Q: 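The following block contains the structure, expressed as structure tokens.
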Amino acid sequence: MAKTDYCVIGLGRFGTEVAEQLTNMGKNVMVVDTNQETIQKASKFYDIAVCCDATDINALSESGVKNIGTIIVAISDMESSITIATNLKELGVNDIIARASTVIHKRILKTIGVPRIHIPEIEIASKVAFQALFNVGVDIVSVGYGISWIKSTVSNRDIINKTMAELNFRNKYNATIMMVQRQGEVIFPPTNDTSLQLGDIVTFMCHNHQIANILKLFISETSEE
């Protein structure tokens, strides 16, 4: 079997979305599910589609998971998820990303050595809460320690053509401008001479207490955002 970039185990709504996103980004994707009808449909879209019970270590081994770069366990059922993750570890797979349904589920996966674990419902809830808190429709994700990652569109004409040096984000707000997206192009990293244009999408990190102040700078009061 040829080397495959990613394997998604479990083609529920979450697993299917992950597999689709990876495929859209040009990655080679293998999918695994216990439902034969689901796999038959998936075989039309993915490089490899295998119908097997991943909780059976022998069946999982025969599927060829050792040839996969990263394996994503997208199953929410705690018992099945833990069994599959344990099987993967026993088969020598180290690069595992797992979905957890609860904090306890996450803790157990971490204990058995799964390096990356996500609880989608909690992460989405956190994002929605931050958007509600700051009353804006921009992307806001907490990274912990009172710091957040924010993506905002520039709609304030007062800062158009001003450079990063003139706006002086670091000294004024203790913030870091990480990237500027402009009409399909990416300016990374922006320099002191980089100026902002109307419609630019700016990605920055800052302390939570500065989010509202920085968003006021980027977003016009008449903007729908």
Side-chain angles (χ1 to χ4, degrees), residues 1-52 54 59-76 81 84-85 87-89 91-100 109 113-124 126-127 137-141 143 148-154 176-191 194 197 199-205:
M1 184 185 294
K3 187 72 174 181
T4 303
D5 297 319
Y6 298 91
C7 173
V8 177
I9 300 177
L11 289 180
R13 182 177 297 179
F14 176 77
T16 298
E17 183 65 27
V18 171
E20 287 180 357
Q21 291 291 340
L22 290 169
T23 300
N24 291 339
M25 289 185 280
K27 302 301 180 181
N28 297 317
V29 178
M30 170 181 172
V31 294
V32 176
D33 198 272
T34 56
N35 188 292
Q36 183 65 52
E37 183 178 351
T38 298
I39 287 299
Q40 286 180 343
K41 293 179 180 178
S43 64
K44 301 176 183 178
F45 306 102
Y46 303 105
D47 299 273
I48 305 169
V50 178
C51 182
C52 84
L60 187 60
S61 178
E62 291 173 2
S63 72
V65 292
K66 290 184 179 180
N67 296 294
I68 309 301
T70 300
I71 297 182
I72 300 158
V73 182
I75 295 172
S76 60
S81 168
I84 293 169
N87 288 344
L88 290 170
K89 296 296 290 185
L91 291 172
V93 177
N94 293 315
D95 195 2
I96 305 170
I97 302 173
R99 174 188 182 179
L109 288 171
V114 176
R116 291 180 283 174
I117 308 160
H118 298 276
I119 307 177
E121 293 80 4
I122 291 179
E123 293 174 7
I124 292 172
S126 176
K127 182 176 179 178
V138 300
D139 287 332
I140 302 179
V141 179
V143 297
S148 292
W149 169 97
I150 304 100
K151 181 184 288 186
S152 174
T153 301
V154 176
T176 300
I177 308 300
M178 303 167 62
M179 179 174 67
V180 178
Q181 296 168 260
R182 180 177 299 156
Q183 297 180 347
E185 296 184 358
V186 175
I187 302 172
F188 177 82
T191 67
T194 301
Q197 302 298 322
D200 282 354
I201 300 175
V202 179
T203 301
F204 63 95
M205 292 185 72

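Remember, it's a predicted structure, so these values are computed and weren't measured experimentally. Quick note: residue numbers are just sequence positions, from 1.
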Q: So does Ala54 get a backbone contact from the side chain of Asn87, meaning a donor-acceptor N/O pair under 3.5 Å?
A: yes
Q: At what distance, to the nearest 0.5 angstrom, does OH of Tyr6 lie from CD1 of Ile68?
A: 11.5 Å
Q: Compile the donor-acceptor pairs under 3.5 Å between side chains in residues 38-46 and protein atoms, sequence neighbours left out, one pair per line.
A:
{"from": "Thr38", "atom 1": "OG1", "to": "Asn35", "atom 2": "OD1", "distance (Å)": "3.3"}
{"from": "Ser43", "atom 1": "OG", "to": "Gln40", "atom 2": "O", "distance (Å)": "2.6"}

Q: Check whether any side-chain heavy atom of Pro120 lies under 4.5 Å from a side-chain heavy atom of Phe14, and answer yes or no.
A: yes
Q: What is the minimum heavy-atom distance between Pro190 and Val180, and which atoms define it?
A: CB-CG2, 4.3 Å
Q: Roughly how far, to the nearest 0.5 Å, is the CD1 atom of Ile177 from the OG1 atom of Thr191?
A: 12.5 Å
Q: Under 4.5 Å between any side-chain heavy atoms of Gln181 and Thr203, yes or no?
A: yes
Q: First locate atom CG of Leu22, then atom SG of Cys7, and finally report the distance between them rounded to the nearest 0.5 Å.
A: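 Nearest 0.5 Å value for the CG-SG distance: 11.0 Å.
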Q: Are Gln183 and Gln197 close enough that some pair of their side-chain heavy atoms sits under 4.5 Å apart?
A: no
Q: Among pairs that include at least one residue of residues 178-191, which meet salt bridge (charged side-chain N to carboxylate O under 4.0 Å, His left out), considering only residues two or more places apart or in two chains?
A: Arg182-Asp200
Q: To check you understand the geometry: which heavy-atom pair defines the closest contact between Val65 and Ser63, and what is its length?
A: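 Looking at all heavy atoms of both residues, the shortest contact is CG1-OG, 3.2 Å.
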Q: Between CD1 of Ile75 and OG1 of Thr34, what distance do you get to the nearest 0.5 Å?
A: 7.5 Å
Q: Kindly give the heavy-atom pair with the smallest separation between Ala74 and Val8, and that separation in Å.
A: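 Result for this residue pair: CB-CG1, 4.1 Å.
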Q: Is Arg99 close to Ile119 at the side-chain level, that is, under 4.5 Å between some pair of heavy atoms?
A: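 SC-SC contact between Ile119 and Arg99 ruled out.
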Q: Identify the two heavy atoms, one from His118 and one from Ile97, that lie closest to each other, and give their separation to 0.1 Å.
A: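 Nearest pair, atom of His118 first, then Ile97: CD2-CG2, 3.9 Å.
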Q: Hey, what do you get for CD1 (Ile96) to CZ (Arg116), rounding to the nearest 0.5 Å?
A: 10.0 Å
Q: If you take all heavy atoms of Ser61 and Leu91, which pair is closest and at what distance?
A: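 In terms of heavy atoms, the two residues are closest at CB-CD2, 3.8 Å.
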Q: Can you tell me if Thr16 uses its side chain to pair, donor with acceptor, with the backbone of Leu11 under 3.5 Å?
A: yes
Q: Just by distance, do the side chain of Asp5 and the backbone of Val29 share a donor-acceptor pair under 3.5 Å?
A: no
Q: Would you list the pairs meeting salt bridge (charged side-chain N to carboxylate O under 4.0 Å, His left out) in which at least one residue belongs to residues 10-20, sequence neighbours left out?
A: none
Q: If you define the side chain from C-beta out and look only at heavy atoms, does anything of Ile9 sit under 4.5 Å from Leu60?
A: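 They are in side-chain contact.
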Q: Which heavy atom in Lys27 sits nearest to a heavy atom in Asp47, and how many Å separate them?
A: O-OD2, 4.1 Å
